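Encoded as structure tokens, the structure appears first; notes follow it.
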Amino acid sequence: MLSYRHAFHAGNHADVLKHFVLQQVLSYTNQKDKPYWYIDTHAGAGMYALDRGYAVQNAEFEQGIVRLWQANDLPAPLQEFVDLIRQCNSAQALKHYPGSPSVAQALLRASDRMRLFELHPSDAKLLRQHFKPAGRQVLIEQEDGFAGLKAMLPPPPRRAVVLIDPPYEEKHDYQRVIEALKDSLQRFATGTYLLWYPLLQRAEVDLLTDRLHKLGAVSWLHATLSIHAPAEDGFGMHGSGMFVINPPWTLPETLKQTLPYLKDKLALDAGAQYTLEHHIP
Ligand code: SAM
């Protein structure tokens, strides 16, 4: 069943956390003069209009990227993130928001490659249209991203950043991300893996975080950002998390500087909070 369309959520608090961390990881990866692959198992449409279509229906971006766009006191790493969003917008107005493949495209060098998977026919079509001029640097497959990832590891340049960002609309995604990470670590232990997940009041989420910690990765970082207290009726997403395996050693410090700001800026009530844990030997 493919009912999820990311356009409804483009630029919300969860995208901000995910894409900010992605930008930080790719910027760090670029410091070494050796090519790498960026693999996105659930790529979405690539770019989203914020002034029409699905995104305006709930206008989730107003409680996400808009708050940073309008800020004039951003810590330097978040200013870099907003600068990247500005590159996607020709004028002063915020009309477009990049999906993860476009965030990556802004950072990849000519020698790096992107491998994108997107199963939904409409979003896969939009993704192809968006990346049409990119030539052989970008390979797009309309197929299951979990199977696609398996086939790509280890990547030829022996360097890769992998984003795993499923919709979690079906329970089996919680199981599949763990299987994908386990398998990937066996095939290619030195890759950098970024997993996004929603903070929901569901047993599957608690089990997922428990299993992430039991994966046995030597080097990892776990950050969460909630923008409001969990709802009393038990429904809805109050935040999201990023679990990064083999993170840049600089990431904990960057997040220590920026998560308190993000929490304050994006808070909808006094229940907003962040967490940050890491083990980088
Ligand atoms: N990574 C994107 C970003 O940050 O801009 C957002 C991705 S969205 C959360 C999840 C996407 O996964 C949806 O576009 C959905 O159609 C797609 N999808 C769902 N199941 C999939 C699968 N098994 N393989 C590849 N794509 C899938």
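Order of listing sets the numbers, starting from 1, for every ligand and every atom in it. Just so it is clear, the structure is predicted and the values come from calculations on it, not from any experiment.
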Please examine the side chains of I39 and V161, heavy atoms only from C-beta on, and report whether any two atoms are closer than 4.5 Å.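 No - every pair of side-chain heavy atoms lies 4.5 Å or more apart.
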
Does any non-hydrogen side-chain atom of L84 lie less than 4.5 Å from one of E80? no

Numbering as shown, the atoms of ligand 1 that approach K18 to under 4.0 Å (heavy-atom distance):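 So the answer, numbered in order with elements, is 3 (C), 4 (O).
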
Per-atom contacts of ligand 1 with G44, taking only distances under 4.0 Å to non-hydrogen atoms: 14 (O)

Nearest non-hydrogen protein atom, [atom]:
atom	value
atom 8 (S) of ligand 1	Y4 CE2, 3.4 Å
atom 20 (N) of ligand 1	H42 CD2, 3.8 Å
atom 4 (O) of ligand 1	H19 NE2, 2.8 Å
atom 5 (O) of ligand 1	S100 N, 2.8 Å
atom 14 (O) of ligand 1	E118 OE1, 2.8 Å
atom 10 (C) of ligand 1	D165 O, 3.4 Å
atom 26 (N) of ligand 1	L119 N, 3.2 Å

For the residue pair F188 and Y193, categorise the inter-ring angle as parallel (less than 30°), tilted (30 to 60°) or perpendicular (more than 60°).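 It falls in the perpendicular class, over 60°.
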
For H213 and W220, take the angle between the two ring planes, folded into 0 to 90°, and tell me which bin it lands in: parallel under 30, tilted 30 to 60, perpendicular over 60.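 Plane angle over 60°, so perpendicular.
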
Which part of D144 is near ligand 1, with near meaning a heavy atom under 4.0 Å away: side chain, backbone, both or neither? both

Under 4.0 Å from ligand 1, counting heavy atoms only, is it the side chain of A43, its backbone, both or neither?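 Contact part for A43 vs ligand 1: backbone (N, CA, C, O).
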
Using the six-membered ring of W37, assess whether NZ or CZ of R113 lies under 6.0 Å from its centre and within 45 degrees of the ring axis. no

Here's one to test your reading of the geometry: is the NZ or CZ of R86 within 45 degrees of the ring axis of W69 and under 6.0 Å from its centre?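 Yes; both conditions hold, so R86 lies above the ring face of W69.
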
So, R176 and D144, do they make that salt bridge, N to O below 4.0 Å?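 Salt bridge: yes.
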
Note: D15-K18 ion pair, threshold 4.0 Å (strictly below): yes

With the threshold set at under 4.0 angstrom, would you say [X] reaches ligand 1 through any of its heavy atoms?
X	value
T41	yes
R5	no
H9	no

If you draw a 6.0 Å radius around CZ in F146, do more than 12 non-hydrogen atoms from other residues or ligands fall strictly inside?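 More than 12 within 6.0 Å, yes.
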
Do H9 and Y4 have ring centres separated by under 6.0 Å? yes

Nearest heavy atom to atom 24 (N) of ligand 1 wins, so pick from G145, A124, P166. G145

